[in-house]
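What follows is a single structure, written as structure tokens, with notes after it.
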Amino acid sequence: MKERIVRTVCRMCQAGCGIQVHVEDGRIVKVCGLAEDPRTRGALCPKGFAAAQLVHSPDRLQYPLKRVGERGAGKWQRITWDEALHFIASRLKEIKGSDGAEAISVFKGQAPDWGDSFQYPQRFMNLLGSPNLCTPGSVCHYPRVLAAAFTYGVKTSPDYQNARCIVLWATNPTGANEGGLRIGHIIDARERGAKLIVVNPILTDLAAKADIWVRIRPGTDCALALGMLNVIINENLYDREFVDTWTFGFDQLKRHVQQYLPKTVSNITGLEAKTIQEMLRTYAEHRPACLYDGNAIDQRVNSVQTARAICILRAVTGNLDVLGGDLLPDTLNFGDLRLAERMPKAVKPAGDYPLMFQHRQLPLLSVIDAILTEKPYPVKAMIVQGGNPAVVMAKSDGTREALAKLDLLAVMDLFMTRTAQLADVVLPAASSFERAGLTAYPAMRSNFVLVQQKAIEPVGESWPDWRFWFELGKRMGYREEFLWEDVEETIDELLAPSGMTFAKLKEKPVVLPRQYKKFEKKGFPSMTSGKVELYADALSKWGYQPLPSYVEPPESPVSTPELLANYPLTAICWPRSVYVHSQHRNLPWLREIDPEPLVRVHPDDADQRAIRDGDEVVARSPRGSIRLKARITRRVPPRVVAFTWGWGESVPEANLNTLTDSLSRDPITGSTANNLFLCEVQKA
Amino acid sequence: MEHILYADIDRCVGCHACEIACRQEYNVPSGEGCITIVTLESQEDAELQNLYFIPVVSGRCTGCGHLLETAAEPACVSACPTKCIQYAHVSALPWALSQKKSLIILRTYPWDNPPGRGYTITSLASNTKSTSRRQQ
């Protein structure tokens with residue numbers, strides 16, 4: 001058969017880069033980058049090139065399975081989709097009848113994307129009447145989304161191509177490509193003379209290329225941002241015209257940051273005062289500047305306020321929505337299929353995180369707590385789609401205990417994950433290469449509107465995620481609300497307000513023209529004042545702090561010195577390489593590059609413990625212990641060790657979340673410190 | 001020697017895209033690709049930022065002759081997100097070196113380089129891109 005080439009979106013991670021998929025006899029034979037994608041310019045990361053090994057993996061689930069033995073014993077019986085849906089629907093109806101709809105929860109992971117595919121479970125749960133749709137959002141993306149929402153309305157994206165200064169803060173754009181693979185833009189900018197500032201305790205690949213590498217003490221980023229604001233405001237380095245015209249609460253901010261003197265901040269962050277000075281002057285004096293803060297900010301207990309302090313920096317330096325600065329999104333207008341008005345108001349979500357609930361990003365741990373404690377009410381069923389909570393959530397043994405206690409656990413995935421192993425029913429999911437979609441990136445959140453097309457038919461009896469919700473919805477009695485036969489119909493509904501159709505976008509992606517200073521016409525999006533709220537009145541109405549303050553991490557050499565005798569090392573996570581959380585270790589090409597879980601140790605700490613490079617070690621925290629190999633490197637600072645994240649799926653004895661703490665949480669989002677705790681490492 | 005594969009190591013971020021693109025192009029198992037990224041890190045604190053990623057090319061590499069016939073680039077070159085790896089006629093080298101001192105030559109190829117494994121091509125001479133470069 002002749003080779004076919006399909007232009008689509010890579011969903012090996014959340015970046016959503018444009019790709020060309022070569023298909024022969026119903027199989028993917030090759031994946032290439034898409035030259036017309038302005039973010040990648042035709043390049044791709046290793047994950048994309050290894051896509052065929054995911055799609056055609058011998059480990060793919062081929063048909064629905066029903067548990068026949070003890071839970072977790074691995075005894076399964078093949079069933080049909082009809083039987084699986086009947087089983088799930090009848091159990092859900094029973095539970096709804098006995099315990100109310102709120103006893104039914106859904107965990108939606110990142111794998112099926114956050115574009116159109118997130119609207120279907122939301123629609124389903126709104127119709128069912130359960131508020132307990134949860135996600136990993138509390139430790140990924142949403143702290144930064146909420147911070148931006150309460151400062152200037154919407155999360156920005158950095159304009160690397162036109163910036164005179166780029167700040168990469170707690171991020172690793174080489175391996176973790178939020179919003180698209182844009183490392184080429186950064187390297188180009190640096191070569192044409194833009195200043196590069198990297199804030200990271202670890203010598204990342206880009207820290208090595210930085211003009212200023214700010215080797216901050218882990219977890220003290222908020223103090224650094226507030227200290228920068230102190231000097232930028234006191235020394236008049238801010239953009240006075242912008243601040244006067246477009247911000248609210250500058251005087252309160254000015255008073256508030258007086259406590260963050262350079263000397264104070266130097267003590268907190270472990271940075272020399274002159275590094276802080278050099279860094280903030282470079283940032284303030286090389287405009288336009290863009291500042292990108294990464295996922296490490298989310299995995300903290302003071303996550304939203306840290307991200308808020310960074311949002312305020314962008315605003316007072318006059319970098320919002322200017323060429324070369326931090327851009328507000330230019331996107332199409334989309335419809336809304338969620339039916340939020342059908343959700344009964346009286347039912348409260350299992351966890352008290354109202355701002356997360358508004359975004360339907362309830363932190364999973366609040367539902368896990370409800371399963372274990374039956375407070376505020378029992379939760380008895382969970383449908384997991386494209387996520388692996390049994391290994392990715394803080395203190396994951398607690399999560400596994402809760403999942404095992406459920407009356408119904410249905411898991412839809414490509415593989416028999418450790419979460420799926422605990423299920424009553426396992427459903428085979430089609431990969432992103434086997435379904436059409438309107439992905440968050442790039443289609444719904446960027447100015448490059450590229451649609452995801454089906455490259456091949458679903459493998460085995462696997463179903464695309466949308467089909468599961470449409471069919472389950474019908475069986476739960478929402479026949480009228482799930483009338484669609486195919487996802488292309490719903491995508492057309494989502495596109496209707498923009499006048500586009502899926503068919504048109506399949507032919508040719510659309511690049512929307514960039515518009516700058518959009519706030520001059522319409523004010524800042526969804527801010528009641530239309531201005532940037534440096535002082536966030538709206539947050540104080542919810543009972544949260546209206547101005548960001550530094551909070552020492554709950555477990556650190558400063559806040560818990562009593563732990564230092566047994567746990568003298570600060571643990572953080574090593575930057576992501578070729579994997580995404582717990583995914584992709586089963587792809588041989590990627591596994592070769594990053595074959596095993598590692599903890600990176602500074603040579604001084606290794607010498608003290610007689611650890612040599614490659615030794616098996618045991619890492620202990622107050623919660624538990626894991627086994628893995630040590631790598632000796634100066635790229636981590638002394639008294640800090642860096643673990644590779646996400647190995648709990650393929651190497652259970654190296655699951656980092658055996659060590660993490662699930663009890664200390666961010667008050668706004670419920671974020672846990674998955675990449676910051678105390679530990680000790682010793683030879684095994 | 002007419003064509004060269006070279007890299008600007010100042011632009012390499014060690015992402016490994018070239019490695020996997022090469023394995024995919026030839027559909028070879030792990031360990032049998034033509035290109036590997038080697039990381040070099042300093043043992044001196046004072047030179048800590050001297051961290052280098054060096055693409056190393058094996059003797060197996062043919063320069064993706066089969067791709068050049070359709071005027072494309074070798075798989076590792078088109079894969080690279082930072083355009084660190086380049087394929088060019090040797091005559092382009094003096095200009096490239098005058099722009100950047102951080103170039104290293106990864107491999108040289110004869111003009112009639114053999115096609116990639118599993119492919120046959122008639123002649124590289126029909127490759128206009130390559131021919132025009134040759135005439136420079």
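In what follows, every chain begins at residue 1, and chains take the letters A, B, ... in the order their sequences are listed.
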Inset, instruction - Output the option from R591(A), R190(A), H185(A), Q53(A) having the highest count of non-hydrogen pairs under 4.5 Å with chain B. - result: R190(A)
Legend entry - Option in G184(A), P46(A), S577(A) with maximal non-hydrogen atom pairs under 4.5 Å from chain B: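 Ranked by contacts with chain B, first place is P46(A).
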Rounded to the nearest 0.5 Å, what separates atom [atom1] in [X] from atom [atom2] in [Y]?
X	Y	atom1	atom2	result
Q49(B)	R635(A)	CD	CZ	12.0 Å
I632(A)	Q43(B)	CD1	CD	10.0 Å
D45(B)	D604(A)	CG	CG	7.5 Å
I20(B)	K47(A)	CD1	NZ	11.0 Å

So what's closer than 4.5 Å to chain B heavy atoms on [X]: side chain, backbone, both or neither?
X	value
L206(A)	side chain
L181(A)	side chain
L44(A)	backbone
R182(A)	neither
A50(A)	both
T633(A)	both
R39(A)	neither
A210(A)	both

Would you mind checking which part of [X] comes under 4.5 Å of any heavy atom in chain A, side chain (CB onward), backbone (N, CA, C, O), both or neither?
X	answer
C15(B)	both
D10(B)	both
E44(B)	backbone
F53(B)	side chain
T39(B)	side chain
C84(B)	neither

Inset, instruction - State whether D188(A) and R11(B) are salt-bridged, where the test is any N-O pair (Lys NZ or Arg NE/NH1/NH2 against Asp/Glu carboxylate O) under 4.0 Å. - result: yes
Inset, instruction - For the pair E41(B) and R634(A), find out whether any cationic side-chain nitrogen is under 4.0 Å from an anionic carboxylate oxygen. - result: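 R634(A) and E41(B): not salt-bridged.
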Can any side-chain N or O of [X] pair as donor or acceptor with the backbone N or O of [Y] at less than 3.5 Å?
X	Y	value
Q24(B)	V31(A)	yes
K209(A)	C12(B)	yes
W589(A)	E19(B)	no

Can you give me the closest heavy-atom contact between [X] and [Y], atom names plus distance?
X	Y	result
V13(B)	I187(A)	CG1-CD1, 3.8 Å
A17(B)	F49(A)	O-CD1, 3.7 Å
T204(A)	L51(B)	O-CD2, 4.0 Å

Inset, instruction - Verify side-chain contact (heavy atoms from CB on, under 4.5 Å) between L590(A) and H16(B), making sure each step is shown before the conclusion. - result: CA-CA 9 Å; L590(A) 300 185; H16(B) 302 281; over 6 Å; no
